[in-house]
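Here's the structure we're looking at; comments come further down.
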Amino acid sequence: MAYAYLFKYIIIGDTGVGKSCLLLQFTDKRFQPVHDLTIGVEFGARMITIDGKQIKLQIWDTAGQESFRSITRSYYRGAAGALLVYDITRRDTFNHLTTWLEDARQHSNSNMVIMLIGNKSDLESRREVKKEEGEAFAREHGLIFMETSAKTASNVEEAFINTAKEIYEKIQEGVFDINNEANGIKIGPQHAATNATHAGSLFLRLAAQTGPLAHSLTLSSCPAET
Amino acid sequence: MLTRVKSAVANFMGGIMAGSSGSEHSGGGCGGSDLPLRFPYGRPEFLGLSQDEVECSADHIARPILILKETRRLPWATGYAEVINAGKSTHNEDQASCEVLTVKKKAGAITSTPNRNSAKRRSSLPNGEGLQLKENSESEGISCHYWSLFDGHAGSGAAVVASRLLQHHVTEQLQDIVEILKNSAVLPPTCLGEEPDHTPANSRTLTRAASLRGGVGAPGSPGTPPTRFFTEKKIPHECLVIGALESAFKEMDLQIERERSLYNISGGCTALIVVCLLGKLYVANAGDSRAIIVRNGEIIPMSSEFTPETERQRLQYLAFMQPHLLGNEFTHLEFPRRVQRKELGKKMLYRDFNMTGWAYKTIEDDDLKFPLIYGEGKKARVMATIGVTRGLGDHDLKVHDSNIYIKPFLSSAPEVRVYDLSKYEHGADDVLILATDGLWDVLSNEEVAEAITQFLPNCDPDDPHRYTLAAQDLVMRARGVLKDRGWRISNDRLGSGDDISVYVIPLIHGNKLS
């Protein structure tokens with residue numbers, strides 16, 4: 001249960017593009033073919049490992065329907081990462097990306113990492129949006145991009161984990177103020193404890209005694225060395 | 001010291017430790033904080049949230065509105081939505097529960113008459129109603145619907161406990177009277193165990209009238225029961241239900257009081273419950289939550305709030321009768337403002353427990369004490385401590401930095417209002433709305449009714465989630481959106497920073513039931 005960091009994600013995009021399915025595939029490793037409408041926000045969570053550190057992803061899966069937009073808008077706040085999802089078999093969901101992006105940029109903190117996801121890559125025969133178009137849109141707007149299939153699980157892990165890596169790097173670079181929870185990042189209990197007693201031989205002794213703390217030592221000394 | 005460190009650590013860990021603090025130091029004497037929790041903290045059971053989801057829901061920054069999931073249903077397609085406060089407490093201190101209760105006669109319970117005897121009598125009733133009752137009732141219980149809403153303060157303990165246990169007290173109280181309630185053709189017996197007066201309700205009036213005239217029916221003649229020469233109050237069935245609910249609240253409060261030596265049951269809570277029994281809604285309220293019915297666009301208030309202002313006279317009277325409860329620190333009199341020492345001997349406006357108007361009195365030394373009730377509106381407090389005057393728990397609550405207990409001034413007694421569902425043919429948009437003060441602080445009854453009457457007709461009447469969506473809409477309207485200067489609602493008014501919980505209960509199902 002102990003984690004070094006907790007990252008908050010939000011999943012956005014038109015209704016029916018597979019936001020809930022991506023989450024379910026990532027957290028439960030299963031696919032649900034029936035479309036249950038999300039009527040507000042639902043949550044998922046999973047632990048991942050980056051650079052030897054346990055990171056907890058807290059994922060907010062929002063309703064895509066227009067009528068819920070006013071409600072879901074407030075959920076951008078305090079998100080460190082966003083998965084912006086469209087459906088490669090429905091051109092309109094791709095066309096709406098600009099609106100989603102504007103919404104996200106307006107209501108989130110400026111450092112939020114956005115991953116653009118073209119979902120349903122398993123339905124190649126019904127494809128309406130070329131992969132190159134997705135890549136171009138991502139490049140143009142400074143997003144990371146991936147095509148996924150929540151059904152076959154293709155690239156699902158990668159989509160969530162690569163977003164986390166990007167956030168993690170930003171932390172290393174000092175872009176994120178990790179002490180401000182409004183950035184969507186929380187330091188795990190152990191790290192908070194070590195941060196409080198920063199530096200000094202006492203800290204070193206403590207770190208030597210317990211496994212997970214040793215990681216935190218490398219972490220906090222990392223930026224200084226590079 | 002240990003406790004202090006412990007709680008510091010618990011705070012540090014974002015409350016994660018709160019549930020797991022051990023019970024090994026129960027003799028600490030620090031307000032029972034070392035005792036185990038009676039129930040772990042969580043959100044209402046019917047939401048079915050995992051631990052992770054509970055954690056997500058406690059986001060004071062984005063304040064997610066939680067609703068019933070797609071896959072979950074409450075009785076009557078009841079809608080529910082809630083949101084956490086803007087940071088005033090780690091936890092959402094509102095709690096709720098919703099169940100169908102089955103009330104059966106307790107095995108070995110005392111009944112008014114032996115069964116065989118009553119069966120014989122019932123079958124002799126002219127309309128055969130008694131006979132029919134006998135057929136289906138004996139072993140089967142009555143099922144009743146139960147909704148509850150609690151708003152905790154000074155900790156979530158009491159609200160969590162009440163949300164888990166109050167329904168059992170309700171069931172238990174109803175068990176004692178279930179046989180009487182089933183027999184709707186006969187008024188409840190005045191005295192149990194006595195041979196009851198089995199005259200049907202309507203002819204009984206005649207008998208009583210006759211007895212008032214002086215016993216015209218030949219007293220003493222063989223076969224005639226002895227005529228009564230005193231009047232007897234007729235107690236209708238619904239008054240027994242009201243009494244049962246009042247007793248249930250009292251028993252719940254007593255249980256919290258008893259168990260606080262074994263468990264850490266922090267704080268206190270308001271309680272608002274609805275019980276639907278035999279075609280009637282019983283709305284019992286102790287505190288400042290509120291219930292209204294919106295029927296065909298019309299508002300029918302189903303509760304009133306109990307605050308220092310609304311209960312001023314009761315509180316003042318208690319303090320007047322039992323001045324030691326004020327610990328020599330407070331005065332039970334009310335003045336328009338604090339009295340200053342230099343005003344001694346002057347005459348100032350005041351009012352006592354027996355007044356609604358104001359009069360002048362000469363200022364004495366005692367009048368310089370802090371007033372029992374002070375502040376206006378939402379800021380009104382009893383002994384500068386608490387802003388709600390009825391509810392459950394709070395047994396250890398004291399005036400800050402003193403040994404003066406607040407509890408004697410708080411009452412666990414609810415006000416119960418009854419609504420007869422059968423008297424009106426309800427449509428799909430006729431609803432009962434229950435909400436904690438987080439909603440009502442910022443929205444008036446009229447605004448809530450207007451929102452509902454705008455929202456519901458725009459939903460598919462067959463959508464099982466329409467009432468949950470309506471509840472979500474109400475929470476959204478009360479929470480508002482986060483702008484530069486905090487949470488804002490319509491007309492740039494301040495949104496509610498409190499926990500907000502809302503039920504929207506469609507009444508059309510009540511008609512189907514009866």
Side-chain angles (χ1 to χ4, degrees), chain A residues 1-3 6 8-10 20 23 27-28 32 34-47 56-63 65 67-80 106-109 180-196, chain B residues 8-17 20 43 47-72 79-83 86-87 455 458-459 463-473 475-477 479-483 487-488 495:
Chain A
M1 270 314 281
Y3 53 82
L6 182 149
K8 177 181 155 185
Y9 281 15
I10 181 168
S20 302
L23 176 59
T27 57
D28 287 30
Q32 195 170 0
V34 192
H35 181 217
D36 273 339
L37 213 56
T38 306
I39 52 176
V41 62
E42 286 181 17
F43 308 109
R46 210 189 106 178
M47 214 64 113
K56 184 170 187 172
L57 298 185
Q58 193 182 77
I59 305 146
W60 295 37
D61 169 31
T62 63
Q65 276 184 310
S67 55
F68 293 113
R69 203 64 70 82
S70 64
I71 289 169
T72 52
R73 252 183 215 125
S74 56
Y75 302 148
Y76 291 108
R77 248 187 98 85
Q106 195 186 333
H107 294 95
S108 67
N109 71 72
N180 181 359
E181 277 189 23
N183 282 328
I185 297 164
K186 259 193 242 177
I187 312 168
Q190 302 168 344
H191 280 246
T194 55
N195 266 18
Chain B
V9 171
N11 283 336
F12 201 45
M13 314 270 274
I16 295 163
M17 301 259 303
S20 56
R43 296 316 306 146
L47 288 178
L49 299 184
S50 67
Q51 197 50 48
D52 279 328
E53 288 171 312
V54 171
E55 222 173 275
C56 292
S57 78
D59 188 320
H60 300 279
I61 295 164
R63 297 181 74 193
I65 300 172
L66 302 192
I67 53 177
L68 267 190
K69 285 182 193 170
E70 175 75 20
T71 49
R72 292 190 166 253
Y80 178 82
E82 64 166 49
V83 73
F455 191 91
N458 288 321
C459 290
D463 181 354
H465 280 282
R466 68 199 302 260
Y467 303 103
T468 282
L469 294 177
Q472 179 172 246
D473 179 62
V475 171
M476 180 71 189
R477 282 168 188 267
R479 185 204 66 175
V481 292
L482 193 57
K483 301 210 172 138
W487 294 88
R488 295 279 157 170

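Residue numbers begin at 1 in each chain, while the letters A, B, ... track the order of the sequences. Excluded from the calculations below are hydrogen atoms, water molecules and symmetry mates; all remaining heavy atoms, backbone and side chain alike, are included.
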**Request:** Return the option, out of A/Thr38, A/Ile59, A/Asp36, A/Thr72, with the maximum number of heavy-atom pairs under 4.5 Å with chain B.
**Result:** A/Asp36
**Asked** Tell me, side chain or backbone of B/Asp59 under 4.5 Å from chain A's heavy atoms, or both, or neither?
**Response** side chain
**Item:** Engaged part of B/Leu482 at the chain A interface, taking heavy atoms whose separation is under 4.5 Å
**Value:** side chain
**Request:** Go through A/Arg73, A/Lys186, A/Arg77 and name the one with the most non-hydrogen pairs under 4.5 angstrom from chain B.
**Result:** A/Arg77
**Prompt:** Where does A/Tyr76 contact chain B at under 4.5 Å (heavy atoms): side chain, backbone, both or neither?
**Reply:** neither
**Asked** Among B/Ile61, B/Asp473, B/Leu49, which residue forms the greatest number of heavy-atom pairs with chain A at distances under 4.5 Å?
**Response** B/Ile61
**Message:** Show the nearest heavy-atom pair for residues B/Pro64 and A/Tyr75, with the distance to one decimal.
**Reply:** CA-CE2, 3.2 Å
**Message:** For A/Tyr9, give me all partners under ring pair (Phe, Tyr, Trp, His ring centres under 6.0 Å), at least two apart in sequence or on another chain.
**Reply:** none
**Complete:** Per-residue tally against chain B (heavy atom, under 4.5 Å) across A/Leu6, A/Ile39, A/Val41 peaks at A/Ile39
**Asked** Does B/Arg479 make a cation-pi contact with B/Trp487, if we ask for NZ or CZ under 6.0 Å from the ring centre and within 45° of the axis?
**Response** no
**Message:** Any heavy-atom pair between the side chains of B/Tyr80 and B/Leu47 that's under 4.5 Å?
**Reply:** yes
**Asked** Is a side-chain N or O of A/Asn180 found less than 3.5 angstrom from the main chain of A/Ala182, in a donor-acceptor match?
**Response** yes
**Prompt:** What part of B/Ile67 gets closer than 4.5 Å to chain A, counting heavy atoms only: side chain, backbone, both or neither?
**Reply:** side chain
**Message:** Given heavy-atom pairs under 4.5 angstrom as the criterion, report whether the side chain, backbone, both or neither of B/Leu68 touches chain A.
**Reply:** backbone
**Prompt:** Quick one: does A/Gln58's side chain get under 4.5 Å of B/Glu53's, heavy atoms only?
**Reply:** no
**Prompt:** Salt bridge check: are B/Glu82 and B/Arg43 linked by an N-O gap of less than 4.0 Å?
**Reply:** yes
**Item:** Options B/His465, B/Gln472, B/His60, ranked by heavy-atom pairs under 4.5 Å with chain A, top entry
**Value:** B/Gln472
